[in-house]
Structure formats: C-alpha cells, structure tokens
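A quick write-up on the structure given underneath.
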Amino acid sequence: MDLNLKNKVIIITGGSKGIGEAITRLASDEGAVPVIAGRNRETGESLLSELKDKGRQAHFIEVELGTKESCQLVVNETLKKFGRIDALVNNAGANDSIGLEHGSPEKFLGSLFNNLYHYYYLAHYCLDELKKSKGSIVNISSKTAITGQGNTSGYAASKGAQLALTREWAVELLKYGIRVNAVIPAEVMTPLYRNWINTFADPEEKLKKITKNIPLGNRMTTSGEIASMVVYLISEQASHITGQWIFVDGGYVHLDRALSAAE
Ligand code: NAP
C-alpha cells in the first residue's frame, strides 16, 4: 500500500520522544518531512541530526507549547522553511497527577495549558494551510478520558476535551475536506510511562499487574503500533475516515479483562 506521503510536511508535537518519536521516524521512512515541535532540545537535535545523516528532510523547533505565541511561531517557522503544511499531529502532553483532592485551581489550569490548549492553538494557526492542502489532523488522546484514572483531573479533562474537539473539528472542517481523527493509547512504554511506573514502590510488580490485564498478548502496546495508525490516518489511504476515536490498545478498554490470550 502506497501511503503517498512523499514530501508531505507534518508537524508532530513532542515528536522526539516516546510515541511522538515513533511517529516522526515512521513519517520520515514514508518520505514525509517531519517538523518536530517540542521543548526537549537534546532529543530533538539528536533525532534531527540522525534523520539528516540519512539524507532526509526534517526540522526541529525547540518550543514550550503552553502559549498561543509559541504555537504561532511553530506554524510560521514551518511555512518559512517548507512553504506548506499537510498534517498536524497533536501529541505533546504529560500525565501530571493534578488531582481533585490534592490539586488546586491554579495547578488544574496549568495542566490544561500543558496538555490541551496547544491542541487548539496549533489547529487554529495551521488551518489556512490545511485548507490549501486538504490536509488532516490527528489528536493523540488517552484511555484516561474514557476510564478515568484517579488523581489526574487536569490530564483527564484535557484528554476528554481532545476527543470532543476531534468530533467538533471533523464536523466544522467537512466543507474543506480536512479529516480529523483521534488515536487513543492505553499502556505504551515511553520515557513518560517509565517515569510514572517508577513512582510505585515495586515498578516491575506493578507493570506485571498492568500487562496481565491487557487482553491481546498480555503486553504493552509499542510506540511503533501507535505510529502505524497515525501515519495511516494522515495518508490518503484513510481518505474516508473522519471524526473517529481509534483505540490502539490490545483491547484494553473494550474487551473483558477477565479474558486471557492463553485461554
Ligand atoms: P513522552 O515520552 O514524555 O514524550 C512526550 C514529548 O512531548 C516529550 O519530549 C516532552 O518534552 C514533550 N512535551 C510534553 N509537553 C510539552 C509541551 N507543553 N511543550 C513542548 N513539548 C512538550 O510521552 P509519551 O508517553 O510519548 O506521550 C505522548 C502522548 O501520548 C501524550 O499526549 C500522552 O498523553 C499520550 N498517551 C501516552 C500513553 C502511554 O502509555 N505512554 C498512554 C495514553 C496516552 P520533555 O521531554 O521535556 O518532557
């Protein structure tokens, strides 16, 4: 299957680590031009130079995405460098444990800035270019929006809002032929996930308990498996898919967790 992504310019937020890194790598393997927008200079520059060493076109913009100005800068710099935008992958975020009982209104708002507002800002500033390219948007959400997790109100609210915005934008942008979809991971071993699991007294024991409950294969989803879905969704092969929430989670959210692959 030819995804026909050659020379398509894709903005990927948080695109140098974890799930975002896998999306950047796969998009680049498919001939697209990834623009990594993220705050981590070390991983951003290292991935950029690796891609350039392979003769690939790519760009890294070091940016903390929490303000509308920084999101505007990402779009302007992308246009200055490549003159077009074909897709936006809103991915950057962190499960930051801002709860109800032990959180605060200020911390809750801070979590929305870190996790939610830049999804809207970037879509807003990319829109004129997406209209020209009949491009598409993929929002990376989280199972937390559907199942809850406890002690993470800011993150869960952001992830739920991203799902609502996916449907809302899919409707609003029908007239331009711009498709908008969400991908919902559950348990993926990334640097973010590793930090979270390490907060438990016995991280490996906790990991065993989690993977035992993942129906398909009793294992974590890989970043590459998330990336395959995202890269497919931004391609023309997904030309009649819009407004969808796609769970790439080994059946974790929807299947009976009492089932086991071994039975
Ligand atoms: P990760 O390993 O921490 O990678 C995320 C990258 O985004 C990091 O480089 C991070 O920078 C950057 N970033 C985060 N917030 C940013 C901001 N406000 N401005 C600029 N850069 C920012 O995380 P991940 O696990 O790959 O998660 C990626 C997405 O998947 C997130 O939206 C997350 O909610 C979602 N997700 C992940 C899982 C999972 O199991 N891993 C499950 C459900 C949903 P730093 O390196 O400086 O932190």
Side-chain angles (χ1 to χ4, degrees), residues 11-26 34-48 60-74 88-98 109-122 137-149 152 154-163 165-166 182-199 206-207 210-211 213-214 219-227 229-230 245-250 252-253:
I11 295 177
I12 302 156
T13 65
S16 65
K17 237 178 164 180
I19 290 170
E21 175 186 353
I23 298 167
T24 298
R25 286 181 184 282
L26 187 57
V35 175
I36 302 162
R39 64 187 172 206
N40 194 312
R41 179 188 299 181
E42 195 188 329
T43 56
E45 286 185 346
S46 144
L47 182 53
L48 179 66
F60 167 58
I61 304 172
E62 184 184 346
V63 69
E64 165 54 64
L65 294 160
T67 66
K68 65 181 170 43
E69 290 77 14
S70 61
C71 293
Q72 209 162 10
L73 178 145
V74 169
L88 166 66
V89 180
N90 276 320
N91 163 74
N95 193 343
D96 47 12
S97 303
I98 308 301
L109 193 61
S111 179
L112 298 187
F113 272 104
N114 205 27
N115 287 297
L116 175 61
Y117 295 150
H118 53 88
Y119 277 49
Y120 177 90
Y121 298 155
L122 280 165
I137 300 173
V138 174
N139 292 322
I140 305 297
S141 176
S142 164
K143 73 136 184 9
T144 314
I146 309 290
T147 62
Q149 183 184 284
T152 198
Y155 181 73
S158 301
K159 293 293 163 190
Q162 291 160 12
L163 294 180
L165 290 174
T166 299
V183 171
I184 308 180
E187 312 289 335
V188 187
M189 187 51 75
T190 63
L192 175 72
Y193 196 97
R194 175 49 69 190
N195 287 344
W196 174 74
I197 206 85
N198 284 346
T199 62
K206 177 75 184 171
L207 204 52
I210 292 169
T211 51
N213 287 322
I214 299 174
R219 65 164 177 85
M220 308 281 287
T221 306
T222 66
S223 295
E225 287 168 327
I226 305 290
M229 177 54 71
V230 173
W245 301 350
I246 301 179
F247 292 80
V248 181
D249 67 353
Y252 191 72
V253 172

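One-based numbering, in listed order, for ligands and for the atoms of each. We number each residue from 1, following the sequence as shown.
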I need the nearest protein heavy-atom contact for [atom]: residue, atom name and distance, please.
| atom | answer |
| --- | --- |
| atom 19 (N) of ligand 1 | Leu65 N, 3.0 Å |
| atom 48 (O) of ligand 1 | Arg39 NH2, 3.3 Å |
| atom 31 (C) of ligand 1 | Asn91 O, 3.1 Å |
| atom 40 (O) of ligand 1 | Val188 N, 2.8 Å |
| atom 34 (O) of ligand 1 | Tyr155 OH, 2.5 Å |
| atom 25 (O) of ligand 1 | Thr190 OG1, 2.5 Å |
| atom 8 (C) of ligand 1 | Lys17 CD, 3.7 Å |

Do the side-chain N and O atoms of [X] and [Y] include a donor-acceptor pair separated by under 3.5 angstrom?
| X | Y | value |
| --- | --- | --- |
| Asn91 | Thr13 | no |
| Thr221 | Asp249 | no |
| Gln162 | Asn115 | no |
| Thr43 | Ser46 | no |

Select one of side chain, backbone, both or neither to describe which atoms of [X] lie under 4.0 Å from any atom of ligand 1, heavy atoms only.
| X | result |
| --- | --- |
| Ala94 | neither |
| Val63 | backbone |
| Glu187 | backbone |
| Tyr119 | side chain |

For [atom], state which one of [options] supplies the nearest heavy atom.
| atom | options | value |
| --- | --- | --- |
| atom 13 (N) of ligand 1 | Ser70, Ala92, Pro185 | Ala92 |
| atom 2 (O) of ligand 1 | Asn195, Thr221, Ile226, Leu192 | Leu192 |
| atom 5 (C) of ligand 1 | Ser142, Gly14, Ser141, Gly18 | Gly14 |

>> Counting only nitrogen or oxygen atoms and a 3.5 angstrom limit, does Gly38 reach ligand 1?
In response: no
> Can you find an N or O of Lys159 that's nearer than 3.5 Å to an N or O of ligand 1?
Replying inline: yes
> Can you tell which of Ile197, Asn198, Thr199 makes a side-chain contact (heavy atoms from CB on, under 4.5 Å) with Lys206?
Replying inline: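 Per the side-chain contact (heavy atoms from CB on, under 4.5 Å) rule, the option paired with Lys206 is Ile197, out of Ile197, Asn198, Thr199.
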>> Heavy-atom contact check, 4.0 Å cutoff: does Thr43 meet ligand 1?
In response: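 For ligand 1, residue contact (heavy atoms, under 4.0 Å) with Thr43 is absent.
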> Phe113 near ligand 1, heavy-atom distance under 4.0 Å?
Replying inline: no
>> Please find the pair of heavy atoms, one from Ile184 and one from Ser141, that lie closest to each other, and give the distance.
In response: CG1-CB, 4.3 Å
> Got a second to check how far Leu122's CG is from Asn90's CG, nearest 0.5 Å?
Replying inline: 5.5 Å
> Going from OG on Ser111 to CD1 on Ile98, what distance comes out if it is rounded to the nearest 0.5 angstrom?
Replying inline: 6.0 Å
>> For Tyr193 and Trp196, take the angle between the two ring planes, folded into 0 to 90°, and tell me which bin it lands in: parallel under 30, tilted 30 to 60, perpendicular over 60.
In response: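 Taking Trp196 first and then Tyr193, their aromatic rings stand perpendicular (interplane angle over 60°).
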What atoms of ligand 1 come within less than 4.0 Å of a heavy atom belonging to [X]?
| X | value |
| --- | --- |
| Pro191 | 2 (O) |
| Asn114 | 15 (N), 17 (C), 18 (N) |
| Ala186 | 40 (O), 42 (C) |
| Ile19 | 26 (O), 30 (O), 37 (C) |

More than 12 heavy atoms from other groups under 6.0 Å of [atom1] on [X]:
| X | atom1 | result |
| --- | --- | --- |
| Glu69 | CD | yes |
| Lys143 | NZ | yes |
| Tyr120 | OH | no |

> Is any NZ, NE, NH1 or NH2 atom of the basic residue among Glu187 and Arg219 found under 4.0 Å from an Asp or Glu carboxylate oxygen of the other?
Replying inline: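 Not counted as a salt bridge, because no side-chain N and carboxylate O are separated by less than 4.0 Å.
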